[in-house]
Trainee: 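Dumping the structure here so I can ask a few things about it.
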There are 2 protein chains.
Amino acid sequence: MRTSVLSRALLGLIAAEPMSGYGLARLFERTLARAWPARHPQIYPALAELEQQGLLRVSETGPRRRKTYAVTANGVAEVQRWLRDTAPDRTVRNETILRLFMLWLLESREAVAFFDDEIESHRQRLVGFEQTLADDERQRREHGTAQGGIAFCASLALEWGIRYEREYIEWATQARDRIADGAKAWDNARERRLG
Amino acid sequence: MRTSVLSRALLGLIAAEPMSGYGLARLFERTLARAWPARHPQIYPALAELEQQGLLRVSETGPRRRKTYAVTANGVAEVQRWLRDTAPDRTVRNETILRLFMLWLLESREAVAFFDDEIESHRQRLVGFEQTLADDERQRREHGTAQGGIAFCASLALEWGIRYEREYIEWATQARDRIADGAKAWDNARERRLG
DNA sequence: AGGCCCATGTAATTTGTTACATGATTCG
DNA sequence: CGAATCATGTAACAAATTACATGGGCCT
């Protein structure tokens, strides 16, 4: 029996709104991938198993043999149990920070370029997040909806994304400038080490 | 042939200082695990393969059949190529943020508890990072060493860790308070959805 | 002598990715 | 009618974790 993070997440997402595997795959690709990447070859088998376990059921079959899943009472109870009784794994894998430990192997100008790329890439991500926030706020104003539970949670996540990107850009900019300013010392240390 | 992130990282770390598999495993466990977790069953086979590829060589065999590895010229070139010619995968897996999307399934007091746990856990991590920073600074003052390339890179990573934890705690505290303040609205929205 | 940490490995399993495969429906 | 997108699946592979297994050397 699979009890993976992905399975619990699928359950929780479907609890908010019945959805097909394809819909979930799209949701992951568009908005959830930054927190937990998942693609269809992982999603479809997981859904099949959850159905077998009685945590999901097919609530509707649409046009292109589409299967819409809905949670069962057991399914809801299971996500709640997961959230309440298990602690999240707080390790975060960050390849960029890992690479940082090897950056001294490059020349100072290459190290500066490394940070320039980071800054540019994260700036773009930040712009996207801010756009999403603006869209959400506009929609809330137009429809005048008080923030329901799910939308509120999603907006907290978005807020974290924005804070994260801003902080990251600030840190990377300072790092870049420090390397650029101390380019000579950097290259000397490198020479000494690499010969 | 393996060309994984881990393999390149091992190469880069050994380039800084010849090390045994056990030493690397310890280094990952103690300091690198927050950016890229890796344990000995992954490390030992990777080292064996890197040696076979001529990117590492056994530079010394110590007491308990310990093998110390050193990089070869090809090994150094390979890490440099990796750093220069490939872009880092910038996806970060964060189970806590994923769970956030399901948090509306819990009662407001449970959601508050969720954030309390986060705050406590990250506060402890922050204390650890700040301690490390203080130790590093003390050592630098005592030994008067100008920051060499590797130490400088490590300090940038530590700085990021500290910024990250501070920002995270601030965000989580605000989120916690907002949920606590709007507990009634939260529980109402939840009732409506779950029935 | 016994316990602890150093040190290296393999096996089994789970998780995640890439590639392959196929068919239905909509839209222009 | 052809292209794009919707929609679901499997196979093969790579990466990562957990458990199993073993032995050496150090310290008391």
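Below, each value reflects all heavy atoms present in this structure, side chains not excepted, and no hydrogens, waters or symmetry copies. Quick note on labels: first sequence line is chain A, next is B, and so on, each numbered from 1. Nothing here was measured: the structure is a model prediction, and the numbers come from that model.
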Trainee: What is the distance from NE2 of A:His40 to P of C:dA19, rounded to the nearest Å?
Mentor: 12 Å
Trainee: Side-chain contact test, heavy atoms from C-beta onward, threshold under 4.5 Å: evaluate it for A:Phe152 versus B:Arg178 and give yes or no.
Mentor: yes
Trainee: For A:Ala46 and A:Leu10, which heavy atoms make the closest approach, and how far apart are they?
Mentor: CB-CD1, 3.7 Å
Trainee: Would you please classify the geometry between the A:Tyr164 ring and the B:Trp160 ring as parallel, tilted or perpendicular, with 30° and 60° separating the classes?
Mentor: perpendicular
Trainee: Once each nucleotide of nucleotides 23-28 of chain D is scored for protein heavy atoms under 4.0 Å, what B/S/- sequence comes out, 5' to 3'?
Mentor: -BSS--
Trainee: So, does B:Asp187 use its side chain to make a donor-acceptor pair with the main chain of B:Ser108 at under 3.5 Å?
Mentor: yes
Trainee: Under 3.5 Å, is there a donor-acceptor pair linking the side chains of A:Thr91 and A:Asp89?
Mentor: yes
Trainee: Just the rounded figure in Å: distance from P of D:dA15 to CD1 of B:Ile43.
Mentor: 15 Å
Trainee: Using whole Å, report how far CZ of B:Arg30 lies from C1' of C:dC6.
Mentor: 12 Å
Trainee: With DNA chain C as reference, determine whether B:Arg66 or A:Pro41 sits nearer its 5' end, using the nearest nucleotide of each.
Mentor: B:Arg66
Trainee: Select from A:Ser4 and B:Lys67 the residue whose nearest nucleotide in DNA chain C is closer to the 5' end of that strand.
Mentor: B:Lys67
Trainee: Could you state the atom-to-atom distance from CG of A:Leu47 to P of D:dT10 in whole Å?
Mentor: 12 Å
Trainee: To the nearest angstrom, how far is A:Gln42 atom CD from C:dT14 atom C1'?
Mentor: 10 Å
Trainee: Regarding A:Arg123 and A:Thr173, is there a side-chain donor-to-acceptor distance under 3.5 Å anywhere?
Mentor: no
Trainee: Whether A:Tyr22 contacts D:dT8 is assessed here as follows: a side-chain N or O lying under 4.0 Å from the phosphate OP1 or OP2. Is that the case?
Mentor: no
Trainee: Write down the distance between CG (A:Leu24) and C1' (D:dG9), rounded to a whole number of angstrom.
Mentor: 15 Å
Trainee: With no hydrogens and no angle check, do the side chains of B:Gln131 and B:Asp135 hold a donor and an acceptor under 3.5 Å apart?
Mentor: yes
Trainee: Using a cut-off of strictly less than 4.0 Å between a heavy atom of the residue and any atom of DNA chain C, enumerate the qualifying residues of residues 78-96 of chain B by number.
Mentor: B:Arg93
Trainee: Between P on D:dT10 and OH on A:Tyr44, what's the gap in Å once rounded to a whole number?
Mentor: 11 Å
Trainee: Nearest-Å distance, CD (B:Glu60) to P (C:dT8)?
Mentor: 12 Å
Trainee: Side-chain heavy atoms nearer than 4.5 Å, only ILVMFWY residues, links allowed to pass through others: does that put A:Leu156 and A:Val79 together?
Mentor: yes
Trainee: So, A:Arg90 side chain and B:Thr96 main chain: donor-acceptor pair closer than 3.5 Å or not?
Mentor: no
